[in-house]
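Below, all heavy atoms of this structure are taken into account, side chains as well, without hydrogens, waters or symmetry copies. Numbers restart at 1 for each chain; the letters A, B, ... are given by sequence-line order, proteins then strands. For clarity, every value in this text was computed on a predicted model and none was experimentally measured.
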Amino acid sequence: MFRPAIRRLFGIVALAGIGMPPAALAVDAAAIAHAGNGRGAAPCMACHGADGAGQAAADNPRLAGLDAAYLRKQLDDFASGTRSNPVMQPMATALSEDERHAMATYYSQLPLAMKPATALPAPDSAGAVLATRGDWSRGVPGCVQCHGPGGSGVGANFPPLAGQPASYIEAQLKAWQEGTRHNDPLQLMQHLSAALSAQDIESVAAWFAAQPVPVAETAP
Amino acid sequence: MKYVLAAFAFACGLTACTQKPAPAPAPATAAPVPKAVAAAPAPTTFSPPAESAIPAGPLGDVIRQGRDIFTDTPTHAKAYVGNGLSCSNCHLDAGRQANSAPLWGAYGVYPQYRKKNGKVNTFGERLQGCFRFSMNGKAPPLDSAEMVALETYAWWMATGAPVGKKLPGAGYPKAGFKPPQPPDYARGETVFRNNCALCHGDDGLGRQVAGRNVFPPLWGPQSFNWGAGMHQLDNAAAFIKANMPFSRGNTLSDQDAWDVAMYMDAHERPQDPRFDGSVGETRRKYHDTPMSLYGTEVQGHLLGSPTGMH
């Protein structure tokens, strides 16, 4: 399930900048990232950063290096309303299907901006324990058991958490608690978010935000 | 397939259940998962000491070593494992989780007579069995550092637990857990696609990051072997019902759990280390139970045949 949609050739061709399919079909993802599509989608860069690394100060997530199928699914979910957000919903709706596909491919291929670890919370801090071991008495496994070591992400279904702004991680966990985001397979995130306190959310978000990008191979 | 259905009729005969299809069989397709609710942990009479209560000093060091072996077996007991699994893949939360054969529920019920090898097994010998079969490896000597550490960890986790008493939450919840209808491969495949493939992969081989399992394989060369407890349908169905999909235990119907257990256990995996050259003979000696598909033909393939695994 949730397998990448069959890649559409013209999106890839346009990205690679080789050949030119009929002009009407070509999607220039880099141009949209820089200048928007002129039909309501604002320049992505303005919020997600010139390198797609996000903007911590404004809760805007990193997109660079995320899996293409995951990014595509999120844009579709904003458009369909299973993920609601006043900023991104109109933006995703203003993108055509082909544009969504091209933007997802574009950001998945943007090189990841390296980020050293910032002062990591102690391994026995509440955030570290929740991230690596979870709290099974409340039905919560360690986050890294699904999101990969150090929050590096696993395939198309489990996005990286490392390198996401703490405020963004917090906002998503709260969105699941409140039901404004309900696009997760098997309701995995809705279910476990319901068991988290505001304090858990703050400490676990801080732990992931402090992880280096890319994640060191020895990460828990 | 025929064998299995017949075998189930037989098993049911013994336990006096009827062969009538259940009045309302669960839909084979993924029923939408019920609305998220805060987890209500199953009531257990025993709670093991918190991990933060492991004492300082040399005893604590060995307890911690046992925990590390248990949660990352390929790294810490390398010489004795033959696949990428860790003990905690099947005994969740580092062996603490009720209904996933927790260590605190096991420690006090050994020594125990086991039909599997026809003798009284000490706790250490029980652990050796998991190395040989579940880990597809070889048994560490009883006096090895690895074995001492694992036993010490289990002993510590059972602090305050009664000796010789089966505690609620011990083992996998097999008692009285029967499929409404005989398990079915095709239905199991549907359950698998809808509830398991997300993590264990469409091919069932799990997901690895930097060469290590994030999601363990359910069959294939890196999985448990044909001698392991998990290859038996009743163990697998009970484990899956209580613990899978991961973090959403007890959301599958009983029928779905049995169907997907059968689907999983009808795939090839490493040979039973007791194999003596003949699948039929090995089945007769070690797998003569309707709970094992070893040596039966499923989907036109003789399970356990030496050419089955590359």
(message) Would you say that V209(B) contacts P149(A) through its side chain, given a criterion of any heavy-atom pair below 4.5 Å between the two side chains?
(response)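 Side-chain contact under 4.5 Å: yes.
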(request) For the residue pair L186(A) and T251(B), establish whether any side-chain heavy-atom pair is separated by less than 4.5 Å. (result)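 No, side chains not in contact.
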(request) Please list all pairs passing the side chain to side chain donor-acceptor pair (under 3.5 Å) test where one or both residues lie in residues 78-98 of chain B, with sequence neighbours left out. (result)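 Sorted pair list: R133(A)-D93(B).
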(request) Go through the atoms of S152(A) and report whether side chain, backbone, both or neither lie under 4.5 Å from a heavy atom of chain B. (result)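 Looking at S152(A), just its side chain touches chain B.
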(request) Look up atom OG in S247(B) and atom CG in L188(A), then write down how far apart they are to the nearest 0.5 Å. (result)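 Rounded to the nearest 0.5 Å, the OG-CG separation comes out at 5.0 Å.
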(message) Could you work out, with side chain to side chain contact (heavy atoms under 4.5 Å, CB included) as the rule, every residue matching P165(A), not counting sequence neighbours?
(response)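 Partners of P165(A) under the side chain to side chain contact (heavy atoms under 4.5 Å, CB included) test: A56(A), S167(A), Y168(A).
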(request) Sort E51(B) into side chain, backbone, both or neither according to what part of it lies under 4.5 angstrom from a heavy atom of chain A. (result)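 Answer is side chain: those atoms of E51(B) sit under 4.5 Å from chain A.
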(message) Less than 4.5 Å to any heavy atom of chain A: does that hold for the side chain of F215(B), its backbone, both, or neither?
(response)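 The side chain, not the backbone.
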(message) Counting only heavy atoms not in E202(A) (residues, nucleotides, ligands), do more than 12 fall under 6.0 Å from its CD?
(response)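 No - once you tally the heavy atoms of other residues, nucleotides and ligands closer than 6.0 Å, there are 12 at most.
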